[in-house]
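Everything below concerns the one structure shown next.
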Amino acid sequence: MLKTLLSGDYPRSRPLTVVLLLMFLCLALGPFLFPGTRAFSTLGMICVFVIVVASYDLMLGYTHIVSFAHTMFFGIGAYGVAMTMDAMGKGFAPIFIGLGASLLVSLLLALLLGLLSLRVKAIFFALVTLAVAFAFLSLVTQLYHITGGEDGLRVRVPRELGPAFKPFDGELRGFSITTFLTGLFTDPGNLGEVWRESVFKARITGRDLMYYITFFVTVGVFLFLLRLVNSPFGRVLQAIRENEFRAQALGYRTVFYRTAVVIISALLATLAGVLFALINRYVNPENTLNFELMVFILLMCVIGGMGTLYGSVVGAVLFLLAQNYLQDVLKWLGGGLEPGSLLAELVGPERWLLWFGLLFVLSVYFFPAGIVGQLRLWAGRSSSRKQGNGDDTTAAGEQESGNKGKDGPVVS
Amino acid sequence: MASPTAVLETRDLTIQFGGHVAVNRVSCAFQAGTLTAIVGPNGAGKTTWFNLISGQLRASAGSVHLFGEDITDLGVAARADKGLGRAFQLTNLFPDLSALENVRLAVASRHRIGHVFWQMASKRRDISDRAAEYLRQVNMLHRADDAVANLSHGDQRKLEVALMLALEPTVFMFDEPTAGMSVDEVPVILDLIAQIKQREDKVVLLVEHKMDVVRSLADRIVVLHNGELVADGEPTEVIASPIVQEAYLGVAAEAEESA
Ligand SMILES: Nc1ncnc2c1ncn2[C@@H]1O[C@H](COP(=O)(O)OP(=O)(O)OP(=O)(O)O)[C@@H](O)[C@H]1O
Ligand SMILES: [Mg+2]
């Protein structure tokens with residue numbers, strides 16, 4: 001059962017399994033573990049970006065296609081639904097029409113890009129995607145009467161997905177992990193009190209419904225991608241990545257496979273964009289189309305471990321936590337420092353990107369294969385040591401066949 | 001000249017690299033059930049001719065025909081699909097994948113399941129079993145799970161042949177299949193080639209420097225020299241002809257000695 005769900009592609013590292021299970025539980029029970037709007041929006045963003053990053057990994061990690069147009073497809077989804085709802089008003093019909101329309105637009109654009117990817121060298125493909133993404137961004141900014149320009153669009157979701165909708169009469173109890181952990185450290189003698197403080201009233205609203213829709217779609221998409229990369233189709237992708245020349249000589253039309261990957265990846269990013277618009281209820285160029293966002297997606301993919309899919313979960317969680325909470329940590333660190341001093345400047349909350357950059361450099365230095373890749377490498381080593389044969393390569397051979405994240409994309 | 005029974009035919013096939021004509025107006029037809037040895041000194045254009053036939057290179061002039069159909073404009077994959085199988089002179093495999101996975105890719109292509117994305121690849125026992133069968137044919141079953149990069153040169157050569165077998169092509173193009181193999185590995189491959197030759201509907205092209213191999217296997221010998229087809233005929237005839245004695249055999253004898 002589990003094997004079928006995960007398509008036989010297990011985390012293959014005990015620490016990684018634990019981490020992934022924890023992340024899964026936190027996301028599954030999120031609204032009941034982390035009170036507050038900020039935590040809630042972080043949870044939603046994590047789900048959305050797991051789709052975005054996993055679908056990007058399909059291209060980058062599994063097929064070695066470097067594209068900078070992923071945010072464009074994300075934006076097409078987000079704007080597609082936002083604009084349809086802007087034009088047609090609240091309701092479920094506009095959501096589905098917006099979804100359908102943006103999927104169609106993405107399909108056509110991805111088809112064009114995909115066919116191009118066969119004709120030009122990888123580096124030119126990357127540049128073309130960059131140009132197309134910028135063109136799309138300026139188009140969205142220019143057409144302000146329908147896109148809202150720089151100001152963006154509010155998304156008025158149907159009542160059933162909003163905070164005012166209370167599907168259940170009763171109240172549920174949540175248990176705040178953060179309160180509990182803080183209490184555990186600051187007031188360890190008073191566990192009973194800490195426990196009581198941690199319990200909070202959770203009222204199910206339409207927003208929670210929207211969150212759970214997003215969560216389940218994310219789980220579905222993730223399992224779909226796991227299946228895809230472990231299917232005969234996924235094997236061909238792997239073959240193309242390793243030796244495209246030979247894959248062709250075996251009769252595989254590599255054009256078809258690359259185009260299919262570009263399209264699948266684009267459609268999933270579009271789906272993520274739709275979910276983003278509905279859960280964030282506000283879209284603008286900055287939160288959907290920006291080049292900075294594209295770089296963030298790339299970072300999440302690389303930090304987690306390219307070509308591992310699980311890496312997209314780890315990468316998205318770590319990155320979004322850093323993005324949302326590193327500033328708090330810095331503020332807290334800087335609290336005791338003399339204002340205006342160099343040190344205080346350095347740990348200023350607005351410096352979070354600097355510190356994140358440092359963390360990124362360190363993580364790439366210590367985990368060149370990404371976090372997931374590295375954990376698997378260690379697991380492989382310790383298991384082959386246990387077998388007492390000292391031969392690392394045998395354990396890696398067949399097992400690691402679905403995971404070649406360690407050698408980066410070939411831009412040539 | 002175009003004989004109706006030819007499976008494969010090249011007509012005035014030519015390719016130029018800059019000013020250098022590597023294959024020069026080569027016309028040749030191959031019948032079903034025959035094994036043709038292609039000989040010629042290093043740099044004669046044998047591999048380049050193969051590349052023109054299987055599509056890795058585009059002809060500057062001339063055409064390639066398979067079952068009478070002009071396939072000159074088709075890509076590599078399409079030609080492979082139509083039955084042109086190729087074992088490369090320089091081993092050309094998927095180095096990080098296991099030997100079995102390499103062959104499985106060829107079998108999957110043959111069975112046209114490359115687009116199947118809803119099934120687990122590991123669930124396709126049929127594909128794995130067939131792949132294992134081809135590995136067995138080249139005496140490689142015991143190395144099925146080893147990554148190709150860890151295989152010896154000889155084993156990689158055998159795997160190269162297994163990949164072509166797995167495609168079940170109509171035309172088998174062997175480019176010096178036994179080069180670099182150890183003495184005890186060579187007969188395995190030669191037996192395989194002899195078996196393929198028995199099959200009435202297959203065409204075998206064999207580039208080979210070792211004259212004893214050529215003599216024992218070939219129904220016909222084609223000699224290339226400086227990109228041109230200089231002799232074509234019965235093995236005994238061709239080997240005896242002065243042009244071959246001069247153009248090729250001297251060089252081949254040296255090559256054999258140094259190998
Ligand atoms: N892509 C290419 N660009 C330029 N020249 C090439 C290219 N491919 C082959 N040649 C040239 O064409 C000629 C024929 O080469 P080819 O590899 O076909 O010889 P061969 O008969 O297979 O020799 P060998 O017995 O050494 O394998 C050589 O002079 C080679 O340098
Ligand atoms: Mg050659």
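Every value quoted in this text rests on a predicted model; they were computed, and no experiment measured them. Letters A, B, ... are given to chains in the order of the sequence lines, protein chains preceding strands, and every chain is numbered from 1.
Pairing each heavy atom of A:S231 with each of B:W118, the nearest pair is CB-N, 4.5 Å. Scanning both residues, A:Y257 and B:H115, for their nearest heavy atoms gives OH-N, 3.7 Å. Contact record, B:V116 with A:P232: O-CD, 3.3 Å, taken as the closest heavy-atom pair.
Residues from residues 78-92 of chain B that place a non-hydrogen atom less than 4.5 Å from a non-hydrogen atom of chain A comprise B:A78, B:A80, B:D81, B:R86, B:F88, B:N92, given in numerical order. Within residues 52-75 of chain B, the residues having any heavy atom closer than 4.5 Å to a heavy atom of chain A are B:Q56, listed by residue number. Of all residues spanning residues 129-138 of chain B, none has a heavy atom less than 4.5 Å away from chain A's heavy atoms. Interface residues of residues 151-170 of chain B toward chain A, defined by a heavy-atom distance below 4.5 Å and sorted by number: B:E160, B:L163, B:L167.
Ranked by heavy-atom pairs under 4.5 Å with chain A, the list B:P95, B:A149, B:A144 is led by B:P95.
Separation of atoms OG (B:S109) and CD (A:Q248) is listed at 11.5 Å; rounding is to 0.5 Å. Within the model, atoms CD of B:E101 and CD of A:E242 stand 9.5 Å from one another, a figure rounded to the nearest 0.5 Å. Here the CG-CE distance, from A:D9 to B:M120, works out to 9.0 Å after rounding to the nearest 0.5 Å.
Between B:L105 and A:Y252 the shortest side-chain heavy-atom distance falls below 4.5 Å. A heavy-atom distance below 4.5 Å is found between the side chains of A:F224 and B:F117.
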